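A short write-up of the structure that comes next.
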Amino acid sequence: MISTRLQQRFHVSRPVGMVGIAVVGLSLVTMSVTASTGATWAFGIAALVGYAADFWLHRTERRAMARLGKLRVGVSVRYQLRTALLLVLLVRMADMSRTVMTVATMLAVGLLAAPLAHGAICRLIRSRRWLPVATRNVDLSALRITNRPPRLLTDWPGPRLLQYELVVVAGLLGTTATGEPTWVLTAMSVALGVAVLTFLALLPFLRTALRMPGKEAVLAEVDEWLGTYRPETVLYFSGSQNSAYQVNMWLRTVEQLGSRPLVILRERAILPQLKPTSLPVICVPSAVHLMNMDLSTVRVALYPANVGKNIHLLRVPTIQHVFIGHGDSDKIASVNPYSKVYDEVWTAGEAGRQRYAEAAVGVEDRDIVEVGRPQLDDVTVVDEATPPAEIPTVLYAPTWEGWTDDPGNTSLILAGENIVRALLASERPIRVLYKPHPFTGTRSPAARAAHQRITALIEAANAERAASGAFRAEGGAPARQRLAELTERAAAFDHQRRPGGADEAMLTRDSTRPDTAVAAEAEALEAEWEQAYWDSHAPWQHQVITGPRPALYGCFDQADLLISDISSVVSDFIASLKPYALTDTAELGEAEFRRQNTAAGAAYLLTSEAKGVDHLLELLFDPIRDERREDRRSLKYFLLGPDSPSSMKRFDSAVEALADQADTLIQLRQQRSNPDQSTLHIPASLTTTSSAEQATR
């Protein structure tokens with residue numbers, strides 16, 4: 001328990017990382033003692049051991065190294081302490097003359113000052129290269145942004161300082177072995193000389209950084225581009241780095257709109273997480289800069305998340321603002337009272353409309369438009385004539401713990417381990433795919449612990465199957481090699497989009513125009529990678545899937561049955577018409593649980609003790625036992641709307657209709673500000689719009 005708490009406090013990923021930190025600390029203590037006693041060999045050995053541990057930690061525990069810096073014992077402090085201890089040791093060495101000590105002291109002072117000078121010039125260069133916005137697929141070439149210094153000169157100060165120290169200690173040991181002070185003085189001179197040369201090499205880059213365009217020039221160029229491009233529809237997003245999936249799910253949909261689209265992000269951390277897209281993207285962290293930006297041609301703004309920073313665009317009266325969300329479910333977040341600030345709220349189907357009506361949070365029925373879920377247009381729908389798989393697949397995809405401790409938030413804590421254990425104990429072989437929500441364990445230690453236990457269960461089950469010899473080792477070396485090749489290709493593709501030596505200013509400079517070919521290549525590569533992923537794993541092999549790949553919808557296509565919670569995962573899975581189950585961890589009882597949760601209408605229900613899993617296993621192998629097939633078909637229509645016209649067509653039509661409405665409102669405002677103009681006819685849609693009319697846009 002104490003070890004776990006220390007790991008969390010120091011942000012160490014593995015227990016061995018704590019050993020490394022302990023070795024570094026013990027090395028410093030030993031160096032302090034040996035420096036004061038003049039034990040040169042012991043000092044040198046302790047230093048070498050400490051350097052080795054420090055190097056290893058920098059390679060394997062970068063978060064822990066950053067944490068030590070925040071605790072005021074970072075690499076610079078350790079470097080300064082070890083350099084000072086070296087000077088103390090030299091004073092204790094009796095055979096050092098006054099001249100030698102003077103030179104050594106001057107060199108030591110130089111070595112202490114070197115990282116300060118290096119850090120100062122690097123910070124100055126970074127500050128001068130900072131841009132008020134970051135962009136993708138936007139032509140800002142007129143700004144003439146220069147290259148940043150090579151990473152060899154600026155990055156990894158920890159290993160660089162350790163290399164300086166290693167040279168000096170090697171010289172010290174040479175002096176100890178020979179009795180000649182020349183060794184240590186030469187080593188200190190070499191280390192200081194390299195530091196000085198590094199500083200001098202950065203001066204030309206400082207000169208070019210000082211010539212970088214200022215804030216006003218950058219913002220003016222962005223406005224110039226906006227005036228030329230004239231965006232009509234904005235996908236606006238603000239959120240944490242882990243929430244990037246909420247905007248990524250809408251990129252392909254917005255790419256297919258008939259209007260000129262633009263993506264506006266508010267956090268720089270989201271930009272590297274954005275999927276390859278042909279859409280122009282502008283990241284504007286400052287509210288003032290956003291509010292002064294020329295968005296006069298924008299008619300519709302789409303919001304995937306309800307966050308406070310939305311207000312910075314909501315204030316623009318010439319834009320029609322729409323909440324589109326990042327999933328349609330019975331969660332309380334799906335009827336957030338904040339939603340009434342938008343001009344319209346778009347839901348997938350009639351269920352969303354009914355949800356707002358029952359919640360009575362101030363969203364008017366006339367402001368709700370049913371547009372389907374464009375992301376689901378390509379989801380594979382199960383054919384009733386399809387025979388069951390030899391080894392069926394169950395996807396367990398629990399949602400995260402949420403911001404409260406309500407047991408109904410997630411099944412993971414109370415039921416997850418029981419469910420997975422029951423699935424793994426199936427008499428007839430099945431495959432379990434476990435894909436938790438990206439936020440799992442971010443707030444609740446209990447959820448994090450449950451996730452770890454489930455992962456251990458699945459790993460143990462795989463090991464047992466592999467050892468039994470009853471399962472063929474399919475997905476062999478050729479498939480794994482193919483996956484490795486595609487992984488390398490994907491990494492090279494990502495590197496091409498974001499070269500290791502480029503900073504945000506260079507990426508903004510080099511991404512000048514939308515490239516549909518790049519987005520298409522990325523999509524094809526992702527599809528190819530996912531196919532190779534599934535081919536490389538035997539059909540009996542259970543899997544824990546925690547990263548963005550394979551994607552959730554790819555897991556849908558693999559699964560024969562879903563076990564999940566009240567979340568958009570269930571609503572989306574219903575598009576496949578495959579059976580699914582929900583867990584009543586709040587112990588509401590079947591009738592009340594179904595009454596409170598629309599998505600439960602066609603679900604099989606489980607208890608926290610996993611009661612009901614046996615029936616799920618039976619229907620996997622005998623589809624005739626699936627008595628809820630017709631319920632799912634009806635619920636799909638209720639949750640997601642009709643299959644025809646397609647959701648994408650309905651979504652695009654809704655954007656077009658709202659843009660026309662925005663134009664009419666702008667004309668109305670202009671007429672009111674200029675009474676001499678002729679009377680403007682106001683369409684009935686701006687005064688009273690029926691639900692039926694809204695739904696058929």
Side-chain angles (χ1 to χ4, degrees), residues 2-3 6-7 9-96 104 107-108 110-112 114-115 155-192 194-195:
I2 294 176
S3 174
L6 286 173
Q7 281 183 243
R9 177 169 178 78
F10 287 96
H11 296 177
V12 173
S13 61
R14 296 172 295 170
V16 70
M18 290 305 304
V19 175
I21 292 177
V23 169
V24 171
L26 184 61
S27 166
L28 289 171
V29 172
T30 305
M31 291 174 68
S32 300
V33 174
T34 53
S36 61
T37 59
T40 313
W41 282 108
F43 180 95
I45 293 172
L48 292 175
V49 171
Y51 297 155
D54 229 326
F55 268 117
W56 179 79
L57 287 169
H58 273 94
R59 295 295 181 184
T60 62
E61 298 286 353
R62 297 186 184 183
R63 291 183 68 237
M65 291 292 94
R67 179 62 175 167
L68 290 177
K70 293 181 179 179
L71 295 174
R72 301 294 188 269
V73 285
V75 62
S76 297
V77 173
R78 298 195 299 275
Y79 168 83
Q80 292 164 0
L81 177 58
R82 285 189 287 236
T83 303
L85 290 174
L86 172 66
L87 192 56
V88 171
L89 179 66
L90 293 176
V91 171
R92 295 289 299 170
M93 295 175 70
D95 53 350
M96 290 291 182
L107 290 172
L111 286 171
L112 288 171
D155 288 3
W156 289 98
R160 181 183 297 109
L161 294 180
L162 289 171
Q163 290 163 8
Y164 295 164
E165 292 183 85
L166 190 60
V167 170
V168 173
V169 169
L172 173 67
L173 294 177
T175 294
T176 303
T178 63
E180 292 292 333
T182 307
W183 285 95
V184 69
L185 295 180
T186 301
M188 295 175 73
S189 300
V190 169
L192 181 59
V194 173

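Keep in mind the model is a prediction, meaning the values are calculated, not measured.
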Tell me, with the steps shown, if Q163 and V194 meet side chain to side chain contact (heavy atoms under 4.5 Å, CB included).
-> CA-CA 10 Å; Q163 290 163 8; V194 173; over 6 Å; no

Checking side chain to side chain contact (heavy atoms under 4.5 Å, CB included) for the pair M188/L111: CA distance, chi angles, key distance, verdict?
-> CA-CA 8 Å; M188 295 175 73; L111 286 171; 4.2 Å; yes

Determine, stepwise, if the pair L173 / W41 fulfils side chain to side chain contact (heavy atoms under 4.5 Å, CB included).
-> CA-CA 7 Å; L173 294 177; W41 282 108; 3.8 Å; yes

Side chain to side chain contact (heavy atoms under 4.5 Å, CB included) between T83 and Q80: does it pass, once the steps are laid out?
-> CA-CA 5 Å; T83 303; Q80 292 164 0; 5.8 Å; no

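T34 places no side-chain N or O within 3.5 Å of a backbone atom of A42 that could act as its donor or acceptor partner.
One finds the CG atom of L107 at 10.0 Å from the CG atom of L87 (value rounded to the nearest 0.5 Å). Rounded to the nearest 0.5 angstrom, L90 CG and T175 OG1 are separated by 8.0 Å. With rounding to the nearest 0.5 angstrom, the OH atom of Y79 is 6.5 Å from the CG atom of L112. Taking CZ from F43 and CG from L86, the interatomic distance works out to 5.5 Å, rounded to the nearest 0.5 Å. Taken to the nearest 0.5 Å, the CG atom of L48 stands 6.5 Å off from the CG atom of L166. Between T60 atom OG1 and F55 atom CZ the span is 13.0 Å, to the nearest 0.5 Å.
Heavy atoms only, all atoms of each residue included: V168 and A191 are closest at CG2-CB, 4.0 Å. Listed here is the closest heavy atom pair of L85 and A35: O-CB, 3.5 Å. What you find for G38 and L89 is that their closest heavy atoms are CA-CD1, 3.7 Å. V33 and S36 get closest at one heavy-atom pair: O-OG, 2.7 Å.
Sorted by first and then second residue, the pairs that involve residues 181-192 and meet side-chain hydrogen bond (donor to acceptor under 3.5 Å, both in side chains), not counting sequence neighbours, are T178-W183. For the salt bridge (charged side-chain N to carboxylate O under 4.0 Å, His left out) condition, the pairs that include at least one residue of residues 45-58, sequence neighbours left out, are D54-R78, D54-R82.
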Can you give each donor-acceptor pair under 3.5 Å made by side-chain atoms of residues 17-32, sequence neighbours left out, with the distance rounded to 0.1 Å?
{"unit_1": "S27", "atom_1": "OG", "unit_2": "A46", "atom_2": "O", "d": "2.7"}
{"unit_1": "T30", "atom_1": "OG1", "unit_2": "L26", "atom_2": "O", "d": "2.8"}
{"unit_1": "S32", "atom_1": "OG", "unit_2": "L28", "atom_2": "O", "d": "2.9"}

